[in-house]
Amino acid sequence: GLITPEMLWKTDTLGVDCYSYADPPVKRFGKYYVHHGIYATKGAGNSARKMMDEFGVSIISGHTHRQAIVSQTFELTGEQRTGIELGHLTDVKSRGMSYTNLRDWQSGFGYAYIEGDTVYPFLCQINDNSTVADGKLFFA
């Protein structure tokens, strides 16, 4: 209890909500729930799909360091669920990432346009220290 998110990053001061890794996904944007991620199954998108199926919601997660958008439509109700894995922004050569040398990881991030309750998610891959977001090329 001595080291808290507020002490480290001023989360309360900045108005940032923090949730425990053990908490269930939290509804955040339209139909989308967010969570750090609890699975790291083989293959991009499979972890997000497993969380989407297990919780029965559309979900945005990290944890796997992979990027994917997977969707499923339920014919009878017309409902569509989507699972998103965001990728990573880590230096894979750093000591902290040395726990594995078998990485099926994609460098990148996600963003979304939100119009009312409708969310339009996008992924940005980072290649050679550059990415394209919203049709614009960015260099690191």
Side-chain angles (χ1 to χ4, degrees):
L2 296 176
I3 299 175
T4 65
E6 172 62 16
M7 185 194 83
L8 293 172
W9 305 296
K10 303 292 183 211
T11 52
D12 296 339
T13 303
L14 295 171
V16 175
D17 295 327
C18 290
Y19 300 92
S20 170
Y21 182 82
D23 289 342
V26 176
K27 189 171 185 181
R28 294 292 302 186
F29 313 103
K31 67 180 181 177
Y32 283 89
Y33 288 68
V34 296
H35 196 276
H36 172 86
I38 34 183
Y39 302 112
T41 59
K42 185 175 178 141
N46 290 333
S47 299
R49 183 181 306 280
K50 187 171 181 173
M51 287 182 67
M52 181 178 68
D53 291 344
E54 186 166 308
F55 292 108
V57 297
S58 291
I59 194 147
I60 301 168
S61 70
H63 186 64
T64 66
H65 298 215
R66 292 188 296 254
Q67 282 193 313
I69 297 178
V70 294
S71 295
Q72 181 177 2
T73 301
F74 297 88
E75 187 66 30
L76 191 58
T77 64
E79 178 190 3
Q80 178 178 310
R81 294 183 191 151
T82 301
I84 301 169
E85 295 176 13
L86 293 173
H88 74 94
L89 296 172
T90 60
D91 177 359
V92 296
K93 294 180 174 56
S94 71
R95 200 180 95 201
M97 295 290 107
S98 66
Y99 62 89
T100 183
N101 60 2
L102 299 172
R103 297 180 191 96
D104 177 19
W105 298 352
Q106 292 83 50
S107 184
F109 59 94
Y111 71 97
Y113 285 105
I114 302 172
E115 182 66 37
D117 283 340
T118 305
V119 177
Y120 303 93
F122 298 91
L123 293 177
C124 293
Q125 287 186 337
I126 297 175
N127 296 306
D128 299 323
N129 292 318
S130 64
T131 191
V132 173
D134 203 22
K136 298 179 182 111
L137 181 62
F138 295 90
F139 295 96

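Every heavy atom of this structure was used, including side-chain atoms; hydrogens, water molecules and symmetry mates were not.
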Quiz item: Do Tyr33 and Met51 share a hydrophobic cluster (ILVMFWY, side-chain heavy atoms under 4.5 Å, transitive)?
Solution: yes
Practice problem: Please list, chain by chain and in numerical order, all residues satisfying side-chain hydrogen bond (donor to acceptor under 3.5 Å, both in side chains) with Gln125, sequence neighbours excluded. | Solution: none
Practice problem: Hydrophobic side-chain clustering at under 4.5 Å (ILVMFWY, transitive links): who's grouped with Val16? Put none if nobody. | Solution: Leu14
Quiz item: Is there a chain of hydrophobic side chains (I, L, V, M, F, W, Y, each step under 4.5 Å between heavy atoms) that links Ile60 to Phe55?
Solution: no
Exercise answer: donor-acceptor pairs, residues 110-120 side-chain atoms, under 3.5 Å, sequence neighbours excluded:
| from | atom 1 | to | atom 2 | distance (Å) |
| --- | --- | --- | --- | --- |
| Tyr111 | OH | Asp134 | N | 2.9 |
| Tyr113 | OH | Asp134 | OD1 | 2.6 |
| Tyr113 | OH | Asp134 | OD2 | 2.7 |

Quiz item: If you measure from CG on Leu123 to CD on Gln67, what distance do you get to the nearest 0.5 Å?
Solution: 4.5 Å
Exercise. To the nearest 0.5 angstrom, please state how far the OH atom of Tyr32 sits from the OG atom of Ser58.
Key: 5.0 Å
Exercise. Apply side-chain contact (heavy atoms from CB on, under 4.5 Å) to Tyr99 and list each qualifying residue two or more places apart in sequence or on a separate chain.
Key: His65, Met97, Trp105
Quiz item: Can you find a pair of side-chain heavy atoms, one from Val34 and one from Tyr19, that are under 4.5 Å apart?
Solution: no
Exercise. Kindly indicate whether the side chain of Val26, heavy atoms from C-beta on, has any atom under 4.5 Å from the side chain of His35.
Key: no
Exercise. Decide whether Phe122 and Val70 are clustered together by the hydrophobic rule: side chain heavy atoms of Ile, Leu, Val, Met, Phe, Trp, Tyr closer than 4.5 Å, transitively.
Key: no
Self-check item: Other ILVMFWY residues reachable from Leu76 by side-chain steps of under 4.5 Å
Solution: none
Self-check item: Residues that Glu6 engages under side-chain contact (heavy atoms from CB on, under 4.5 Å), provided they are two or more places apart
Solution: Thr4, Lys10, Thr11, Asp12, Thr13
Practice problem: Under the side-chain contact (heavy atoms from CB on, under 4.5 Å) rule, collect the residues that match up with Ser107, sequence neighbours excluded. | Solution: His88, Ile126
Quiz prompt | For the student: nearest non-hydrogen atoms of Pro5 and Cys18, plus distance | solution = CB-SG, 3.8 Å
Quiz item: Nearest heavy-atom pair of Tyr21 and Gly37: which atoms, and what distance?
Solution: OH-O, 3.1 Å
Self-check item: Sequence neighbours excluded, every pair satisfying salt bridge (charged side-chain N to carboxylate O under 4.0 Å, His left out) that has a member inside residues 88-100
Solution: none
Quiz item: How close do Gly108 and Leu89 get, heavy atom to heavy atom, and via which atoms?
Solution: O-CD2, 3.6 Å
Quiz prompt | Results of side-chain contact (heavy atoms from CB on, under 4.5 Å) for Leu137 - residues two or more places apart only | solution = Ser130, Val132, Phe139
Quiz item: Which salt bridge (charged side-chain N to carboxylate O under 4.0 Å, His left out) pairs, counting each pair once, include a residue from residues 28-55, with sequence neighbours left out?
Solution: Asp17-Arg28
Please tabulate, for the side chains in residues 79-87, all donor-acceptor contacts under 3.5 angstrom to protein atoms that are two or more places apart in sequence or on a different chain.
| from | atom 1 | to | atom 2 | distance (Å) |
| --- | --- | --- | --- | --- |
| Glu79 | OE2 | Arg81 | NE | 3.0 |
| Gln80 | NE2 | Thr82 | OG1 | 3.4 |
| Arg81 | NE | Gly56 | O | 3.2 |
| Thr82 | OG1 | Ser71 | OG | 3.1 |
| Glu85 | OE1 | Gly45 | N | 3.3 |
| Glu85 | OE1 | Thr64 | OG1 | 3.0 |
| Glu85 | OE2 | Gly45 | N | 3.3 |
| Glu85 | OE2 | Ser47 | N | 3.1 |
| Glu85 | OE2 | Ala48 | N | 2.9 |

Quiz item: Partners of His63 by side-chain hydrogen bond (donor to acceptor under 3.5 Å, both in side chains), sequence neighbours excluded?
Solution: His36
